Amino acid sequence: MLVYPSGVDMSSSALRFLAARLRELRRTLGTRWRRLNAGRQALLTLAHLRNGQPYAQLAAGFGIGTTTAYRYITEAVNLLAALAPTLTEAVRAASTKAYVILDGTLLPIDRIAADRPFYSGKHKKLGMNVQVIADPQGRLLWASPALAGAVHDIRAAREHGIIEALAEAGITCWADKGYQGTGSTVRLPYRGRWDSLSTGQHAVNRAHAKVRALVERAIATLKSWRLLRKLRCSTTRITSLVHAVLVLQLASSG
């Protein structure tokens with residue numbers, strides 16, 4: 001396999017953050033020697049998550065075996081995922097904001113058409129449903145565990161307890177029509193055909209759309225990590241990958 005220099009479009013703060021966590025883990029485990037030091041293991045993991053490069057290519061570039069690359073990346077991802085904020089912690093952080101924006105996104109997966117539980121009728125493709133909470137500036141605050149793509153946004157929000165947690169904290173939440181029926185502190189646009197709505201309702205819906213559109217910035221931030229644009233791993237690992245990306249994103253933007 002040919003090897004060439006490449007780069008990762010990220011700030012060095014994420015690399016330093018992950019390398020420090022890996023050094024702590026190695027001290028805890030009593031690790032004496034490895035093929036890659038903590039800094040190189042962190043770079044390997046970032047290259048996989050950010051660029052979506054497969055294990056074999058990364059292994060060749062870093063001069064290690066494919067199995068070793070897989071083991072190093074999995075260890076780092078699990079370490080990061082364990083640091084991800086819980087919904088309770090995210091709500092506590094959101095309590096200082098004027099409001100939050102809630103939306104769901106589909107992470108495409110590599111599955112055959114027969115895998116119906118993963119098929120999203122809304123997006124017309126196979127994937128995993130992830131709920132995203134953003135602040136008023138569109139910055140990513142929290143991402144939920146991944147559910148099968150066939151799960152609708154309102155059901156996913158209820159299963160994760162998002163609506164109840166925001167209501168208990170008294171936090172106003174803006175969401176789209178997919179969350180109709182949640183009530184509480186969730187602000188939704190008026191439903192109905194455009195020609196059946198009044199002038200005032202049109203104005204409210206336009207203003208609502210402008211506010212809610214900022215959540216797309218948070219979703220774009222999540223999907224700027226190219227691995228999440230087309231997942232080819234077991235669906236049981238996707239939550240860990242999403243939460244690892246969340247932690248790195250919060251660490252580099254904090």
Side-chain angles (χ1 to χ4, degrees), residues 8 10 14-15 17-19 21-22 25-26 29 34 36 38 40-62 64-87 90 104-120 123 125-133 140 142-151 153 155-156 159-160 218-219 221-252:
V8 184
M10 292 190 64
L15 178 65
F17 172 82
L18 179 53
R21 303 291 84 73
L22 287 170
L25 177 63
R26 292 186 181 194
L29 297 176
R34 289 194 181 188
L36 298 181
R40 295 286 285 173
Q41 183 182 357
L43 182 60
L44 171 73
T45 304
L46 292 179
H48 177 65
L49 294 174
R50 188 70 173 184
N51 293 344
Q53 290 179 299
Y55 300 116
Q57 291 181 6
L58 290 170
F62 281 80
I64 57 178
T66 303
T67 302
T68 302
Y70 173 83
R71 188 173 68 250
Y72 281 3
I73 291 171
T74 300
E75 179 184 59
V77 166
N78 291 341
L79 172 63
L80 289 169
L83 299 174
T86 64
L87 178 59
T105 187
L106 189 80
L107 302 181
I109 59 174
D110 184 18
R111 285 292 183 274
I112 61 175
D115 293 327
R116 300 302 297 180
F118 300 102
Y119 182 78
S120 169
H123 298 276
K125 64 176 67 174
L126 297 161
M128 301 293 284
N129 180 303
V130 173
Q131 298 293 298
V132 172
I133 296 178
L140 182 65
W142 184 75
S144 75
L147 297 176
V151 177
D153 285 340
R155 177 183 161 193
E159 286 196 22
H160 297 310
I219 293 174
T221 297
L222 195 65
K223 291 187 177 180
S224 66
W225 298 77
R226 297 174 186 86
L227 184 70
L228 300 184
R229 296 180 187 175
K230 185 67 173 182
L231 290 154
R232 295 177 171 84
C233 62
S234 168
T235 55
T236 60
R237 296 190 58 234
I238 293 177
T239 292
S240 294
L241 291 170
V242 171
H243 284 172
V245 165
L246 172 65
V247 169
L248 288 170
Q249 189 62 48
L250 293 176
S252 60

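Because the structure is a prediction, the values reported are computed rather than measured.
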Please round to the nearest 0.5 Å and tell me the distance separating atom CD of Gln249 and atom CE of Met10. 7.0 Å
Minimum side-chain heavy-atom gap Leu227-His48 below 4.5 Å: yes
Closest approach of Ala148 and Asn129, non-hydrogen atoms and distance? O-CB, 3.9 Å
Evaluate the side-chain proximity of Leu248 to Arg50: yes if any heavy-atom separation is below 4.5 Å, no if none is. no
Rounded to the nearest 0.5 Å, the CD1 atom of Ile219 sits from the CG atom of Leu222 at a distance of 8.0 Å
Do Phe17 and Leu80 come close enough that some side-chain heavy atom pair is under 4.5 Å? yes
Closest approach of Ala42 to Leu15 (non-hydrogen atoms, all atoms of both residues): CB-CD1, 3.7 Å
Looking at Lys230, I'd like to know if its NZ atom is crowded, meaning that more than 12 non-hydrogen atoms belonging to other residues, nucleotides or ligands lie closer than 6.0 Å. yes
Side chain to side chain contact (heavy atoms under 4.5 Å, CB included) between Ile64 and Leu44: does it pass, once the steps are laid out? CA-CA 11 Å; Ile64 57 178; Leu44 171 73; 4.2 Å; yes
Might you point out which heavy atoms bring Val242 and Ala143 nearest each other, and give the distance in Å? CG1-CB, 3.9 Å
Test item: Thr239 side-chain N/O and Ala146 main-chain N/O as donor-acceptor pair under 3.5 Å: yes
Steps toward side chain to side chain contact (heavy atoms under 4.5 Å, CB included) verdict (Leu18, Gln41): CA-CA 9 Å; Leu18 179 53; Gln41 183 182 357; over 6 Å; no
Should Gln131 and Leu147 be marked as a side chain to side chain contact (heavy atoms under 4.5 Å, CB included) after you check the CA-CA gap, both sets of side-chain angles, and the distance that decides it? CA-CA 9 Å; Gln131 298 293 298; Leu147 297 176; over 6 Å; no
For Glu159, check side-chain hydrogen bond (donor to acceptor under 3.5 Å, both in side chains) against everything at least two apart and list the hits. Arg155
Hey, does Phe62 have a side-chain heavy atom less than 4.5 Å from the side chain of Thr68? no
The side-chain hydrogen bond (donor to acceptor under 3.5 Å, both in side chains) partners of Arg21 (sequence neighbours excluded) come to Glu24
Please find the pair of heavy atoms, one from Arg237 and one from Thr74, that lie closest to each other, and give the distance. NH2-OG1, 3.9 Å
Rounded to the nearest 0.5 Å, how far apart are CG of Asn78 and CG of Leu83? 11.0 Å
Decide yes or no for Leu29 and Glu75: does some side-chain heavy atom of the first lie under 4.5 Å from some side-chain heavy atom of the second? yes
What closest approach, in Å, do His160 and Ser144 show between heavy atoms, and which atom pair accounts for it? NE2-OG, 3.4 Å
Are the side chains of Pro85 and His243 in touch, meaning some heavy atoms are under 4.5 Å apart? no
Does some side-chain heavy atom of Val130 sit less than 4.5 Å from a side-chain heavy atom of Leu228? no
Mind checking the CG-OG spacing from Leu79 to Ser240? Nearest 0.5 Å is all I need. 11.5 Å
Which word best sums up how the rings of Tyr70 and Tyr55 line up, parallel for under 30°, tilted for 30 to 60°, or perpendicular for over 60°? perpendicular
Shortest non-hydrogen contact between Gly104 and Asp153, atoms and distance: CA-OD1, 3.6 Å
Working to the nearest 0.5 Å, report the span between CG of Leu126 and CG of Leu231. 12.5 Å
Value for NE2 (His123) from OG1 (Thr105), rounded to nearest 0.5 Å, stands at 6.0 Å
Side chains of Leu87 and Trp142: closer than 4.5 Å at any heavy-atom pair? yes
